[in-house]
Amino acid sequence: MLSPFLIKDIRLSPKLQKYRKISERYDHLKPYGDQLESGLLFQRMEPIQKAAVQTLAARSLLDTDALKRLNEVRPLGDKIPSEIAKRAAEANEQQSDLMDFLATLTSEYPLAGENGLKARTRLMEHRYDAV
């Protein structure tokens with residue numbers, strides 16, 4: 001979601017090649033000048049993401065059991081403040097093509113392994129995944 005203009009760099013199967021056009025639609029978001037390499041930027045974002053998840057969990061907006069047991073982020077829909085839910089819905093609607101792509105991506109590919117999202121995006125090491 002942060003860099004949709006980089007979708008073109010994801011190794012997609014032939015049936016998902018149509019999603020490369022999304023990259024062009026969001027090309028205007030590309031920063032001017034040099035940008036950190038994607039993998040490095042992804043690594044640097046990890047502590048920020050973890051802190052955000054922990055804050056949401058502490059405020060009972062996430063299922064803490066799923067977070068602890070499964071390492072999964074699951075929102076508690078009935079506890080999300082209406083203003084946040086409204087802003088998220090608006091953003092999802094404005095970027096519905098991107099939301100559709102992300103949903104398709106996560107349903108078509110596993111996270112780990114040679115053909116998983118980690119390998120296809122080259123954002124995380126995959127060679128030592130237990131699959």
Side-chain contact, heavy-atom cut-off 4.5 Å: [X] with [Y]?
X   : Y   : value
R74 : D65 : no
R25 : D27 : no
L36 : R44 : yes
M99 : M1  : yes

Let me see the working for S38 and L123 under side chain to side chain contact (heavy atoms under 4.5 Å, CB included), right down to the final yes or no.
CA-CA 7 Å; S38 297; L123 292 175; 3.8 Å; yes

Exercise: do D97 and Y26 side chains pair donor with acceptor under 3.5 Å
yes

So how far is it from [X] [atom1] to [Y] [atom2], rounded to the nearest 0.5 Å?
X    : Y   : atom1 : atom2 : answer
Q54  : R59 : CD    : CZ    : 13.0 Å
E37  : Q43 : CD    : CD    : 8.0 Å
Q17  : R20 : CD    : CZ    : 4.5 Å
L16  : I10 : CG    : CD1   : 10.0 Å
I48  : E46 : CD1   : CD    : 10.5 Å
F101 : I7  : CZ    : CD1   : 4.5 Å

Distance-minimising heavy-atom pair for [X] and [Y]:
X    : Y    : answer
D100 : Y19  : OD2-OH, 3.1 Å
K79  : S60  : CD-O, 3.2 Å
I80  : L61  : CA-CD2, 4.0 Å
G113 : A119 : O-CB, 3.6 Å
R11  : N115 : NH1-OD1, 3.3 Å

Who pairs with Y109 by ring-ring contact (aromatic ring centres under 6.0 Å, His included), at least two apart in sequence or on another chain?
none

Under 3.5 Å donor-acceptor, [X] side chain and [Y] backbone:
X    : Y   : value
R122 : D9  : yes
E90  : N92 : no
K18  : K15 : no

Option among D63, L56, L62 that satisfies the side-chain contact (heavy atoms from CB on, under 4.5 Å) test with L76:
D63

Cluster overlap [X] with [Y], hydrophobic side-chain contacts below 4.5 Å:
X   : Y    : answer
L12 : L111 : yes
L29 : L102 : yes
F5  : I22  : yes

Do other residues, nucleotides or ligands put more than 12 heavy atoms under 6.0 Å from the NZ atom of K8?
yes

